[in-house]
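Report on the following structure.
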Amino acid sequence: MFDTSPQLDCAGRILRLDRARVMGIVNVTPDSFSDGGAHDTTEAAVAHGLKLVEEGADLLDIGGESTRPGAAPVSVEEELRRVIPVIEQLAARTQVPISIDTFKPEVMRAAVAAGAGMINDIYGLRQEGALDAAAATGVPVVLMHMQGEPGHMQADPHYDDVVAEVHGFLVQRLFAAEMAGIAKKNLLIDLGFGFGKTTAHNMTLLARSERFLELGVPMLAGLSRKRSLGELTGRDTPSERVAASVAAHLIAVQRGARIVRVHDVAATVDALKIWQAVEAVPTPRAD
Ligand SMILES: Nc1nc2ncc(COP(=O)(O)OP(=O)(O)O)nc2c(=O)[nH]1
């Protein structure tokens, strides 16, 4: 029987989605909310990426601009200076697919030319030129929901029906991407936890994740160390939210997520091994 499970061709590096996959976060930024400054030189970022692959990351997500509320905007030149050397070195020194976390078309093109095999866009390709740039690269694209802009999205997020509104947004972005020439097999969605949402909104979306499976594309979930997890646990320091992050991503996988975007790769890989061991238990035959 041929393998019918979906897979992504990330510029020649195949990411099989026969089981949940772990995307390790490499923020080459001075101000990311949970690890800003920890890896903001090329050497430190490359070393961190290699460590995450050692820990079991199935792919890496390289980011050069923090999206946390109030983060300083970064120019195209500065973002390229930060991410391109890291992508080049990681692509040369590891076999896993490399994703670029950017919404700028110029960075998308340059990152793929440098060896990235996936685009992760928190704006869902809404910036001028992003649809065409992503289509031209031919690599898979993550379309994420965000209400508002990073600078003020958390001021007072409001929805009449957060599930319906996020669903409608993603339907529209999937349509726009396909109209721009991006094949549906190269599209993924992300509910955008923490991007213009309260903790209640985030938990509602997590609880109803399965609602989005009907869109027919793999779902990515990114709750790692986020503020909502801190609110629910009382853990004010992002690095103290590992258990909460693992729990949230396990639930996301149980409710349909195929990729989880995490800072804490080793802990997440271990948790998913338990999940997969239980999933592997055959269903008893109905006699
Ligand atoms: N697809 C996707 N991409 C994302 N990029 C950044 C962040 C924010 O987290 P982080 O990168 O840790 O922080 P910062 O944006 O401050 O660098 N979250 C997501 C997410 O949930 N989904």
Side-chain angles (χ1 to χ4, degrees), residues 5-17 21 23 59-65 67 76 79 83 87 97-150 153 162-197 205 209-222 252 256-261:
S5 59
Q7 61 184 35
L8 297 171
D9 182 345
C10 303
R13 296 186 182 188
I14 301 302
L15 182 69
R16 293 187 57 217
L17 296 179
R21 298 292 175 176
M23 172 189 262
L59 68 163
L60 297 174
D61 193 34
I62 315 301
E65 178 172 11
T67 58
V76 169
E79 190 171 338
V83 300
I87 292 169
I98 309 283
S99 165
I100 175 68
D101 186 348
T102 189
F103 52 82
K104 300 188 182 76
E106 305 89 334
V107 179
M108 292 175 187
R109 293 180 195 273
V112 173
M118 181 184 284
I119 291 168
N120 173 25
D121 183 354
I122 64 166
Y123 276 84
L125 298 180
R126 286 179 290 152
Q127 297 294 310
E128 179 72 31
L131 279 167
D132 291 341
T137 66
V139 302
V141 183
V142 180
L143 302 171
M144 195 193 82
H145 173 269
M146 170 164 58
Q147 184 187 74
E149 303 276 334
M153 63 189 175
V162 64
V163 173
E165 291 174 53
V166 173
H167 188 276
F169 172 92
L170 292 172
V171 166
Q172 197 281 326
R173 296 319 299 157
L174 286 166
F175 178 75
E178 289 191 73
M179 288 301 105
I182 303 173
K184 184 166 185 178
K185 69 177 171 54
N186 270 351
L187 291 172
L188 300 90
I189 57 168
D190 181 334
L191 309 187
F193 293 105
F195 285 87
K197 291 140 182 126
L205 286 166
S209 297
E210 286 164 308
R211 169 88 168 74
F212 295 84
L213 297 179
E214 70 180 22
L215 297 179
V217 297
M219 182 160 52
L220 185 149
R258 268 277 170 267
I259 300 175
V260 289
R261 180 181 179 278

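Numbers for residues simply follow the sequence, beginning at 1. Owing to the predicted nature of the structure, the values given are computational and were not obtained by experimental measurement.
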| said: Contact between Asp9 and Gln7 at the side-chain level, heavy atoms closer than 4.5 Å - yes or no? | reply: no
| field | Shortest non-hydrogen contact from Gly216 toward Lys184 | value | O-CE, 3.9 Å
| said: Working to the nearest 0.5 angstrom, can you tell me the gap between Leu170 CG and Met144 CE? | reply: 9.5 Å
| Are Glu165 and His145 linked by a side-chain donor-acceptor pair shorter than 3.5 Å? | no
| task | Take Val163 and Leu205 through the test side-chain contact (heavy atoms from CB on, under 4.5 Å) and record every step on the way to the result. | result | CA-CA 6 Å; Val163 173; Leu205 286 166; 4.2 Å; yes
| remark: d(Asp61 CG, Leu220 CG) to nearest 0.5 Å is 8.0 Å
| said: Using every non-hydrogen atom in the two residues, find where Ala116 and Ile87 come nearest and quote the distance to one decimal. | reply: N-CG2, 3.6 Å
| query | About how many Å separate CD1 of Ile119 and CZ of Phe103, when rounded to the nearest 0.5 Å? | reply | 14.0 Å
| message | Quick one, Leu8 and Leu188 - any side-chain contact, counting heavy atoms below 4.5 Å? | response | yes
| task | Take Arg126 and Arg173 through the test side-chain contact (heavy atoms from CB on, under 4.5 Å) and record every step on the way to the result. | result | CA-CA 8 Å; Arg126 286 179 290 152; Arg173 296 319 299 157; 3.5 Å; yes
| field | Ile259 side chain near Val142 side chain, heavy-atom distance below 4.5 Å | value | no
| message | Could you tell me if the side chain of Phe169 sits less than 4.5 Å from the side chain of Gln147, heavy atoms only? | response | no
| message | For a quick test of reading the model, state the closest non-hydrogen atom pair linking Gly256 to Leu213 and the distance between them. | response | O-CD2, 3.7 Å
| note | Scanning both residues in full, the closest heavy-atom pair of Val139 with Gly117 reads CB-O, 3.4 Å
| query | Mind checking whether Leu215 and His167 have side chains closer than 4.5 Å, heavy atoms only? | reply | yes
| field | Arg109/Ile100 under side-chain contact (heavy atoms from CB on, under 4.5 Å): CA gap, chis, key distance, verdict | value | CA-CA 10 Å; Arg109 293 180 195 273; Ile100 175 68; over 6 Å; no
| said: On a heavy-atom basis, which atom in Ile182 and which in Leu131 lie closest, and how many Å separate them? | reply: CD1-O, 4.3 Å
| task | Please step through side-chain contact (heavy atoms from CB on, under 4.5 Å) for the pair Asp121 and Met108, ending with a clear verdict. | result | CA-CA 9 Å; Asp121 183 354; Met108 292 175 187; 3.5 Å; yes
| task | Measure across Ala134 and Leu125 and return the closest heavy-atom pair with its distance rounded to 0.1 Å. | result | CB-CD2, 3.7 Å
| message | In the structure I gave you, are the side-chain heavy atoms of Glu106 and Glu79 within less than 4.5 Å of one another anywhere? | response | no
| query | Just wondering, more than 12 heavy atoms not from Glu214 lying within 6.0 Å of its CD? | reply | yes
| field | Arg261 vs Asp101, salt bridge (Lys or Arg N to Asp or Glu O under 4.0 Å): CA-CA, chis, key distance, verdict | value | CA-CA 11 Å; Arg261 180 181 179 278; Asp101 186 348; 3.3 Å; yes
| Leu191 and Ser209, any side-chain heavy atoms less than 4.5 Å apart | yes
| said: Do Val83 and Thr102 make a side-chain contact, defined as non-hydrogen atoms from C-beta onward lying under 4.5 Å apart? | reply: no
| Gap between atom NZ of Lys197 and atom CE of Met146 - 0.5 Å precision | 8.5 Å
| field | Interatomic distance, Ile122 atom CD1 to Thr67 atom OG1 [nearest 0.5 angstrom] | value | 5.0 Å
| note | Rounded to the nearest 0.5 Å, the CG atom of Leu59 sits from the CZ atom of Arg21 at a distance of 9.5 Å
